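Note on naming: letters A, B, ... go to the chains in the order of the sequence lines (proteins, then strands), and numbering restarts at 1 for each one. Note that this is a predicted model, so its numbers are computed, not measured.
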Amino acid sequence: MLSKTFDPKTVEPRLYAAWEASGAFAPAEDPAAEPFSIVIPPPNVTGSLHIGHALNNTLQDVLVRFERMRGKAALWLPGTDHAGIATQMVVERQLAAEGNISRRDLGREAFVEKVWEWKARSGGTIVNQLRRLGASCDWSRERFTLDEGLSAAVRKVFVGLYKEKLIYRDKRLVNWDPHFQTAISDLEVEQREVDGHYWHFAYPLEDGSGEIVVATTRPETMLGDTAVAVHPTDERYTKLIGRAVRLPIVGRPIPIIADEYPDPEKGSGAVKITPAHDFNDFAVGKRHNLPMINILDGFARLNDNVPAGYRGLDRFAARQKVVDEFERLGLLRGVEKTRHVVPHGDRSGVVVEPYLTDQWYVNAEALARPAIKAVEAGDTVFVPRAWEKTYFEWMRNIQPWCVSRQLWWGHRIPAWYGPDGRVFVEESEVEARRQAEEHYGRPTELRQDEDVLDTWFSSALWPFSTLGWPEQTRDLARFYPTHTLVTGFDIIFFWVARMMMQGLHFMGEVPFRRVFINALVRDAEGKKMSKAKGNVVDPLELVDEYGADALRFTLTAMTSGGRDLNLSRQRIEGYRNFGTKLWNATRFCQMNGCARAEGFDPAAAKAPLNRWIVGETARTAQAVTLALAECEFDRAAEALYRFIWNRFCDWYVELAKPVLNGADQAAKAETQATAAWALDETLKLLHPVMPFLTEELWGQTADLGVPRAHRGFLMTAPWPQLPDSLVDPAADAEIGLIVEAISEGRSVRQELNVPPAARPPLLVLEATSGQRRVLEAAAPLIGQLLRVSAVRIVGAAPEGAIPYVVEGATFALPVAEFIDLSAERARLAKEVAGHSGEIEKLAKKLANPDFVARAPEEVVEENRERLAEAEAAKAKLQAALSRLEAVA
RNA sequence: GGACGCGUAGCUCAGCGGGAGAGCACUACGUUGACAUCGUAGGGGUCGCUGGUUCGAUCCCAGCCGCGUCCA
């Protein structure tokens, strides 16, 4: 006998271990099985599971379990990302906390060694947390972006792109993160709006004949100014173009140039130009061939290119000093408060500086072209489709991708320099040496590039590098292109776009056929979760409290096309209750001898009740199958919830009770067999979303009746394929009538406050012969569920019987002695008014000749029928109301 | 400033050309032997505003108002 509730705490670890040990997570070996593959968005090794991971991985698991049951060779390939900056940060912090020497003192090799040690010790956290969710990843294929195989892939791609001239070295402005001492890509820069000032500085003309005023939010950069620009059409300055100002403090003469960049409407219309420290100024500098004076070092301190008093100062100290100096010189023309956006490093949180350095770039524009085409052609489809716009928007305006990082943790760039600076880009040092020897004519000492690659460079290869590329493995042939990628919209640029580019370039095919973009999980009030706000929900805590299945069902049910998903504990609790409901329905069936019967054929069931639930099961199977195939997760969850709670539990079980307790042995046996069959099908349909509870029930009911055709785990059972022919409209109509008669009767009783203990008969006044037959046959059911003593077919209602109309049939409950006549009058009047409103609307519509002429025939017909029904019902209730008023 | 998206029941959200829906919350009643992590019933919405298209608009189009996100 089942316990009273499901106990996730003991069941989950047991079942997960059993699944894993059985090898069920690996794809079927059957070569005939259609492949279905998903690569996991690799979480950072440093990570721990947050609610976004829980959502993302739940959806992947739902899909992969569904497809596995559908007989596909389903592979969900897991792994983790080395996450350059994040990991380096964690280990550095740990070194500091342990009172150890810093990374720099430790030296590169020793530090990297420390990171690997850390990874061995703590890197598995998130992977184990995924197990707690029930994720059916094939752990035997788990990969890490710094694995030997993946590193080989990275080198091959880098060298390949270099030789095609799609990777190149360039001196340009980068976003420099002074905290981590590295360049970062545009995507890693966060624009934050902050309070600041506009300082207006006067630059005296060199000949002393006047001044020109420029405004800046970054005064310290003036030390690197190499021009002042004005708009060529700005008449205020036409005469000054070509002349020079003497740069205060520095004393350097710099030209006044004409360029389209300054906006005459803004400020004074004149702009100071610092080509080495501003992206716009850099462009101006290029156009006018201006000197580029770098005034900062890697720590964002001022370097030796500035006057002595400023050297070594931090940028912000220098800012103040420059302002003070201008004031002292009498050249400060004003200060305004302003709010402006300032770039910050997304990891470090410090202000990043545009900084002139040599870096490696990928020609993203060239790689983007085929990637754009592939989505246009539908080779890869985004779900929801609207995200394609985001993808296109970025891809069509793509900039060169800076891929070098001045970090130690990552894939070292496979470039070696000779003594004269000549670069050899090869997959191995050996090969680089060989090339060098050939070039120089003798063995030559080479120095490897110090930099590592952007973490996203290796992530971009994930869909094929994890399958073994560059080796031509069986997995690669079988599972590439992968089928579906499930990820968040925040990394469409970082990751999805780059996988598209690299996949197409190196594999000649898109990396995935479909990209499902999942929502961002927010708190119950719709606020973004953040540690600062203290509203972060730990998914593992939720799993502890409600079980993994409840959390999974919640996340699945809340996944519609939206961008946000507001998670509340109440919601999870509700779905935990849903699991309990199914658990107890199974318990009920078990207590009532429901067991699989030898040779049971759902199509051959005789009792309308059984035929009805068989049809409902088939309908549900179809709805869930369609929904999951289309990533309509909320619809799948809704169909399951509705079927299990509102059909199976609320009606099937209730209506089956009298049969199960009755004397008709044949009917009882059929019902027991049907219930067992329906439950088995239900467990299969619910399994992808609630794997633990369903697997446990599957196991606990394994011995009830004849053995199942599928003897193993539910997770490997075949998915239900139930034909439409199992739906029986006649059975639907019968059960529909019974359900409505009971529901409406209950409504009458409650509204009129008929005591629950009262057991009047239910009178059937007007009904078709078919309806009468159904109602008479269902008398015991109706008796129990509506709490009536009998169902009687009568000609006319006795005085004071309360009528109601359902499916065109008229019923009455003789409960006059219990009720307040005025309450009944009010009830009838309300019903009549309701019908009147409906009638008015429909009649008006049908009276419109345009409607009748132009609307589709079936719509017109449907409206006519509804009008007739409403009129009939109203007439009956109106008659009752009149009788009542006559009595009173 | 540009792009995208959202305003539907108290809350969170589905629906998206022909009868306004769900969960939760709320109210009343109820231990009928699966389940109180329950059952039964009920109240509650000019579907942001203004126009347009249409026989018909919550749904399509335009404008406006309010909110959010991303990119400058």
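- Among the atoms of the strands shown, only primed sugar atoms or phosphate atoms (P, OP1, OP2) are found under 4.0 Å from some heavy atom of A:R587.
- Computed from coordinates, the A:F648 CZ to B:rC35 C1' distance equals 13 Å when rounded to whole Å.
- What separates CH2 of A:W645 from P of B:rA34 is a distance of 16 Å, to the nearest Å.
- Rounded to whole Å, the separation between the P atoms of B:rG19 and B:rA3 comes to 36 Å.
- The C1' atoms of B:rG5 and B:rU40 are separated by 42 Å, rounded to the nearest whole Å.
- Rounded to an integer number of Å, the gap from A:L785 CG to B:rA34 P is 12 Å.
- Residue-to-nucleotide contacts include no donor-acceptor pair under 3.5 Å from the side chain of A:R571 to the base of B:rG23.
- At whole-Å resolution of the value, NZ in A:K581 and C1' in B:rA34 are 8 Å apart.
- With hydrogens and angles left out, the side-chain atoms of A:T580 and A:N577 include no donor and acceptor closer than 3.5 Å.
- Contact annotation for A:S747: backbone-only contact, meaning every heavy-atom pair under 4.0 Å involves sugar-phosphate atoms and none involves a base.
- The residue A:P856 sits close to a base: some heavy atom pair falls under 4.0 Å.
- Taking only distance into account, the side chain of A:R746 never meets the base of B:rU40 through a donor-acceptor pair shorter than 3.5 Å.
- Comparing the P positions of B:rG68 and B:rA36 gives a spacing of 44 Å, expressed to the nearest Å.
- The C1' atoms of B:rC16 and B:rC35 are separated by 38 Å, rounded to the nearest whole Å.
- Taking the centre of each ring, A:F493 and A:Y391 stay at or above the 6.0 Å mark.
- Using atom C1' as the reference point in both B:rC59 and B:rG39, the two lie 37 Å apart (nearest Å).
- Considering only the side chain of A:M591, B:rA34 comes nearest among B:rA34, B:rA3, B:rG18.
- The interatomic distance linking A:N397 (CG) with B:rC70 (C1') rounds to 13 Å, in whole Å.
- Looking at heavy-atom distances under 4.0 Å, A:R642 makes contact with sugar-phosphate atoms alone, never a base.
- When each of A:L555, A:I51, A:T554 is paired with A:L542, the side-chain contact (heavy atoms from CB on, under 4.5 Å) condition holds for A:I51 and for no other.
- A straight line from CD1 of A:I742 to C1' of B:rG39 spans 14 Å, rounded to a whole angstrom.
- Base engagement by A:K657 is indicated by at least one non-hydrogen atom pair under 4.0 Å involving a base atom.
- Residue contacts shown for A:C589 are absent, as no nucleic acid heavy atom lies under 4.0 Å away.
- Ion pair A:E12/A:K9 not flagged as a salt bridge, since none of the NZ, NE, NH1 or NH2 atoms sits closer than 4.0 Å to an Asp/Glu carboxylate oxygen.
- Side-chain polar atoms of A:D634 and A:T559 form no donor-acceptor pair below 3.5 angstrom.
- When rounded to the nearest whole Å, the span between CZ of A:R576 and C1' of B:rC38 equals 12 Å.
- Side-chain atoms of A:K389 stay outside donor-acceptor range of the base of B:rC4, with no qualifying N/O pair under 3.5 Å.
- Listed candidates were B:rA36, B:rU12, B:rG42. Nearest to the side chain of A:K830 is B:rG42.
- Comparing B:rC38, B:rA34, B:rC70 by their nearest atom to the side chain of A:F493 picks out B:rC70.
- Distance noted for atom C1' between B:rU37 and B:rG23: 15 Å (whole Å).
- Every residue two or more places apart in sequence or in another chain that forms a side-chain hydrogen bond (donor to acceptor under 3.5 Å, both in side chains) with A:T701 is listed here: A:R708.
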- Starting at the 5' end of RNA chain B, write a dot or bracket for each base, bracketing those in Watson-Crick or G-U wobble pairs whose two distances are under 3.5 Å and using | for partners on another strand. ((((((((.[[[[.)..(..]]]].(((((.......))))).....[[[[[..)....]]]]]))))))).
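- Judged by distance alone, with hydrogens and angles left aside, A:Q750 brings a side-chain donor or acceptor within reach of the base of B:rU40, the pair sitting under 3.5 Å.
- Counting non-hydrogen atoms of other residues, nucleotides and ligands closer than 6.0 Å to CD of A:E861 gives a total above 12.
- Surrounding OH of A:Y198 are at most 12 heavy atoms belonging to other residues, nucleotides or ligands under 6.0 Å away.
- When heavy atoms are screened at a 4.0 angstrom cut-off, A:E869 is found touching no nucleic acid atom at all.
- For the C1' atoms, the distance linking B:rU54 with B:rG17 amounts to 9 Å, nearest Å.
- Contact annotation: side chain of A:E632 to base of B:rA14, donor-acceptor pair absent below 3.5 Å.
- Taking atom OH of A:Y641 as the reference point, atom C1' of B:rU37 lies 11 Å away to the nearest angstrom.
- For A:Y575 and A:Y546, the ring centers sit 6.0 Å or farther from each other.
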